[in-house]
There are 2 protein chains.
Amino acid sequence: MPDTRRTRPDTRAALREHARRLFARHGYEGVSMRDIAGALGIRQSAIYNHFPSKQHLLLDLMVGHMERLLSAMRDAVPEGLPPAGQLEAFTRFHVAYHIDQPEDVFLAYMELRSLEDPGRADVIALRNQYETTLRGILGAGQASGVFQVAEPALATRAILAMLTGVTVWFRDGGPLNREQVIEAYLGMVLRGVGR
Amino acid sequence: MPDTRRTRPDTRAALREHARRLFARHGYEGVSMRDIAGALGIRQSAIYNHFPSKQHLLLDLMVGHMERLLSAMRDAVPEGLPPAGQLEAFTRFHVAYHIDQPEDVFLAYMELRSLEDPGRADVIALRNQYETTLRGILGAGQASGVFQVAEPALATRAILAMLTGVTVWFRDGGPLNREQVIEAYLGMVLRGVGR
DNA sequence: GTCTATAAAGGGATAGAC
DNA sequence: GTCTATCCCTTTATAGAC
């Protein structure tokens, strides 16, 4: 049994945490390696024992976020459900995840432009998998007549933009709690597709 | 009658144009004064004849955008209309303006975090005026029973986020033209508030 | 694995000639 | 109003001691 009191702190994990927070708040270009190192109390050069460059650190955060998001979404949206049930599950999941992980989500949205190829293409591919899932749900509902969606591709983007915006304003302790926010967004999505 | 062929180009206006484009594409922190000057074919130091600092250049772009946006919105949304008509006018205006001025809009949304006080507070106040207009329309429609909006403040943010997202994906020459996009978003907004 | 020291480049801003 | 030249600072990244 390891002595956890004497375990050296996991610098790599701490770097991820502080970089995520700082990048989300000030933007990739607005944060220096010194800023990140300073948040941990180490020197800037020590970061290079854990990540080969600032770009690689950003890529690590982006890919890690997208893989966790996709995996969690697939767990939350059962394949066997009819389209209306899938849309409800997807919407609840998306809002809840964005409330719970605002920094990851905000970072992935805002700093894609700071990510260089080839990593950028990988992240876009992962994001497209996520979007395609919602697109498929809307298309299936349209085909079976339970949704009235004139333009499924546009509706996909409209719904994702609407729901993702929750990260910009939601705060714990505000007038609406987590569950009230999820229900309010769900109501707008369902009415928006004609349910 | 002035000889327009020999008129010196308006450097200040050209600086605004190129800075707007570069800031929107790479972010405020990702663009240097040398980048902006280079786009015009002048030296970096010449910028300081027109703007006292990089911050002032950003503030000029932000305030200019918000004032134009507010003014155009007030022209497009007549005060005398009933709430349903106002919501339709507001939605058509917002999508059209965001399609036509994507750089201004994207910049104002993304780079507010790079703007320092006191200018930042001014821009936020202007943005709040814009949001409050939509909030008032939804509140009036709710009060008169023509809208079913459980949470007007949330619905305001949800609608604005949904519509503003058009800047991320819309391109001239794509599968949907400007008018088709406006109608599709309008349909989703009206259904979303129960019309 | 972290430190000090340093390299090499780029950042915003200013001075003064023209 | 734009230029060249420069100041002073910060940046990412590397080298080598411990």
Side-chain angles (χ1 to χ4, degrees), chain A residues 2-23 25-62 107 111 113-120, chain B residues 2-62 107 111 113-117 119-120:
Chain A
D3 182 349
T4 55
R5 290 170 308 176
R6 285 178 176 240
T7 297
R8 191 175 28 69
D10 187 340
T11 305
R12 199 179 313 250
L15 280 170
R16 283 197 185 94
E17 280 175 41
H18 288 278
R20 174 174 18 248
R21 177 177 55 81
L22 290 169
F23 286 163
R25 193 168 302 176
H26 306 289
Y28 175 78
E29 305 276 3
V31 175
S32 73
M33 296 297 254
R34 277 182 179 79
D35 295 331
I36 300 167
L40 279 88
I42 63 174
R43 300 292 167 180
Q44 164 252 21
S45 59
I47 297 180
Y48 293 87
N49 290 314
H50 304 281
F51 298 95
S53 73
K54 192 183 176 188
Q55 266 293 309
H56 282 85
L57 177 50
L58 178 64
L59 179 60
D60 177 284
L61 292 175
M62 292 267 211
L107 181 66
E111 300 306 328
R113 68 176 172 200
S114 296
L115 194 61
E116 299 166 6
D117 275 324
R120 185 171 190 274
Chain B
D3 182 349
T4 54
R5 289 170 309 175
R6 284 177 177 240
T7 298
R8 190 176 27 70
D10 187 338
T11 304
R12 196 176 315 246
L15 279 171
R16 283 197 185 92
E17 281 175 41
H18 285 96
R20 171 168 27 241
R21 177 176 54 81
L22 290 170
F23 286 162
R25 193 167 302 176
H26 305 289
Y28 175 78
E29 304 278 2
V31 175
S32 72
M33 296 296 257
R34 285 175 176 83
D35 293 333
I36 300 168
L40 280 88
I42 63 174
R43 300 292 166 179
Q44 166 250 22
S45 60
I47 297 180
Y48 293 86
N49 290 314
H50 305 282
F51 298 95
S53 72
K54 193 184 175 189
Q55 265 292 309
H56 281 85
L57 177 49
L58 178 63
L59 179 61
D60 177 285
L61 293 176
M62 292 266 212
L107 181 66
E111 300 307 328
R113 68 177 171 198
S114 296
L115 195 61
E116 299 166 8
D117 276 325
R120 186 169 188 276

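Side-chain atoms are counted along with the backbone in the values below, which use heavy atoms only and exclude waters and symmetry mates. Proteins get letters first, then strands, A, B, ... in listed order; numbering begins at 1 in each.
Taking 4.0 angstrom as the limit, A/Ser32 places none of its side-chain polar atoms (N or O) nearer than this to OP1 or OP2 of D/dT10.
Rounded to whole angstrom, the span from the CD1 atom of A/Ile36 across to the P atom of D/dT10 amounts to 17 Å. Spacing between atom CD of B/Glu29 and atom P of C/dG10 amounts to 18 Å, rounded to whole angstrom units. In this structure, A/His26 places its NE2 atom 17 Å from C1' of D/dT10, rounding to the nearest Å.
Each of A/Arg16, A/Arg20, A/Arg12 was evaluated against A/Asp60; a single residue qualifies, A/Arg16, per the salt bridge (charged side-chain N to carboxylate O under 4.0 Å, His left out) test.
Partners of A/His26 according to the side-chain hydrogen bond (donor to acceptor under 3.5 Å, both in side chains) rule, which considers only residues two or more places apart in sequence or in another chain, do not exist here. Residues passing the side-chain hydrogen bond (donor to acceptor under 3.5 Å, both in side chains) test with B/Arg113, sequence neighbours excluded: A/Glu111. Under the side-chain hydrogen bond (donor to acceptor under 3.5 Å, both in side chains) criterion, A/Arg25 pairs with no residue, sequence neighbours left out.
In this structure, the side chains of A/Phe23 and A/Met62 stay at 4.5 Å or more apart for every pair of heavy atoms.
In the interface, the side chain of B/Arg34 is not paired with the base of C/dG10 through any donor and acceptor atom under 3.5 Å apart.
Listed by residue number, the members of residues 38-48 of chain A with any heavy atom below 4.0 angstrom from DNA chain C are A/Ile42, A/Arg43, A/Ser45, A/Ala46. Contacts between residues 51-62 of chain B and DNA chain C, defined by a heavy-atom separation below 4.0 Å, involve B/Ser53, B/Lys54, listed by number.
In this structure, CG on B/Leu40 lies 7.0 Å from OG1 on B/Thr11, to the nearest 0.5 angstrom. Atoms CZ and CG, from A/Arg21 and A/Leu107 in turn, are 13.0 Å apart once rounded to the nearest 0.5 Å.
Note on residues 27-42 of chain A: pairs passing side-chain hydrogen bond (donor to acceptor under 3.5 Å, both in side chains), not counting sequence neighbours, are A/Tyr28-A/Gln55, A/Ser32-A/Asp35.
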